[in-house]
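Just so you know, ligand 1 is whichever comes first in the structure, and atom 1 is the first atom listed for that ligand. Counting from 1, the numbers follow the sequence of the chain as shown.
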Amino acid sequence: MKLNIALIKGDGIGPEIVDSATKVLNKVLEKYNHKVVYTELLAGGCAIDEFGIPLPQSTIDGALRSDSVLLGAVGGPKWDTLPGHLRPERALLGLRKELGLYANIRPVRLFSALKDRCPLRNVDSFDIVIVRELTGGMYFGKSGRTIGENGEEAYDTETYSVMEIERIGRTAFEYARKRRKKVTSVDKANVLESSRLWREVMHRLAKEYRDIEYGDMLVDNAAMQLIRNPLQFDVIVTSNMFGDILSDEASQLTGSIGLLPSASLGGCKRGLYEPIHGSAPDIMGKGIANPIATILSAAMMLSYSFNLDKEAKEIEDAVEAVLNQGYLTADLGGNMTTDEITEKILEQI
Ligand code: IPM
Ligand code: MG
């Protein structure tokens, strides 16, 4: 097979971790006789420096021409004072929207080798998938500034349509079918109208998917339950904003956010794969970033965009083997550099 992959390295540690992930991709693709062509595209702070805007049309076009996109991270202090529509983060939101990637899949699992890094007592392992709606809700609702009775005001609105809720719901139910057949839908239906619609639609879907155990949970309770007992969850489906918050929370239960990959998917095979962490400007250029989240994102790409499940599994097993051998980067209390841990993973393939 020939894979045509767009690389958006981005800012901060982005280039370091993407380089590490492409080394791993190259090795596994070569082993199984596939060909790969990379096209580098600029987005985020580096695109602001080069073109004056975070997401140039050429990047959108390049992404649309590719089979799939691997992204590092965007943003940094240098661009923090720019107005909202020019911030590097806009690139991420724009790409998700332009590519129609409404479903963000965030697997959160505790590797048994890292159980001592989990802040919870008596938890040896867990395996959750957060299915986050990615192109709607407060991130894309009407927002702005007005002058009210008491002076300047700002607003952001949460809007969801039945169509948007239904398609993300289906993604979650279908996903659960391949796993432990349990879906928890997280909302704030005791307060928000958009959450009440969300819940109605999810209940309708639950009737269609009778083989799946279904439950609702309010988001504040869900934040607590994740820490009280993460083992109760299989697939969590939630809105853009709640999913953003809960996935960072859940990541800490695995020892480090530096381990967690994600896939953003839409109606076709093309996806956007990225670590859930940010550009970590504080450690940029030091060569100590944990590349595992990006490497595992590349594995998700092989499986979801190219149906190369065997190749993806090979990467996942290599990562797990290296962790089992006790090789860890600084975020996990170890002393391996980005290059060293990448080398160890390559040796396993
Ligand atoms: C994430 C990030 C982004 C988000 C930011 C960088 C816009 O936090 O992917 O979780 O909020 O979606
Ligand atoms: Mg986030």
Worksheet entry | Ring center gap for His34 and Phe306 short of 6.0 angstrom | no
Any cation-pi pair here, [X] with [Y], using under 6.0 Å and within 45°?
X	Y	value
Lys178	Tyr175	yes
Arg167	Tyr102	yes
Lys310	Tyr32	no
Arg132	Tyr139	yes

For ligand 1, which is the ligand I care about here, please tell me if [X] has any N or O atom under 3.5 Å from one of the ligand's N or O atoms.
X	answer
Asp248	no
Glu274	no
Glu89	no

Worksheet, complete the sentence: Arg96 heavy atoms within 4.0 Å reach ligand 1 at atoms 1 (C), 4 (C), 9 (O), 12 (O)
Discussion item. Show the atoms of ligand 1 that are less than 4.0 angstrom away from any heavy atom in Arg132.
Written reply: 1 (C), 4 (C), 9 (O), 10 (O), 11 (O), 12 (O)
Discussion item. At under 4.0 Å between heavy atoms, is it the side chain or the backbone of His277 that contacts ligand 1, or both, or neither?
Written reply: neither
Discussion item. Heavy-atom pairs closer than 4.0 Å: do any link ligand 1 to the side chain of Arg90, the backbone, both, or neither?
Written reply: neither
Worksheet entry | Of all N/O/S atoms in Asp244, the name of the one nearest the Mg ion (ligand 2) | OD1
Fill in: Parallel, tilted or perpendicular: ring planes of Tyr160 versus Trp198, cut at 30 and 60 degrees
perpendicular
Worksheet entry | Metal proximity, Asp248 vs the Mg ion (ligand 2), N/O/S cut-off 2.8 Å | no
Look at [atom] and say which protein heavy atom is nearest, naming residue and atom and giving the distance to 0.1 Å.
atom	answer
atom 1 (C) of ligand 1	Arg106 NH2, 3.3 Å
atom 4 (C) of ligand 1	Tyr139 OH, 3.5 Å
atom 2 (C) of ligand 1	Asp244 OD1, 4.0 Å

Practice prompt. May I have the step-by-step check of salt bridge (charged side-chain N to carboxylate O under 4.0 Å, His left out) for Glu16 and Lys286, ending in yes or no?
Written response: CA-CA 10 Å; Glu16 302 164 48; Lys286 294 192 177 153; over 6 Å; no
Worksheet item: Quick one: does Asn26's side chain have a donor or acceptor within less than 3.5 Å of a partner on Thr22's backbone?
Response: yes
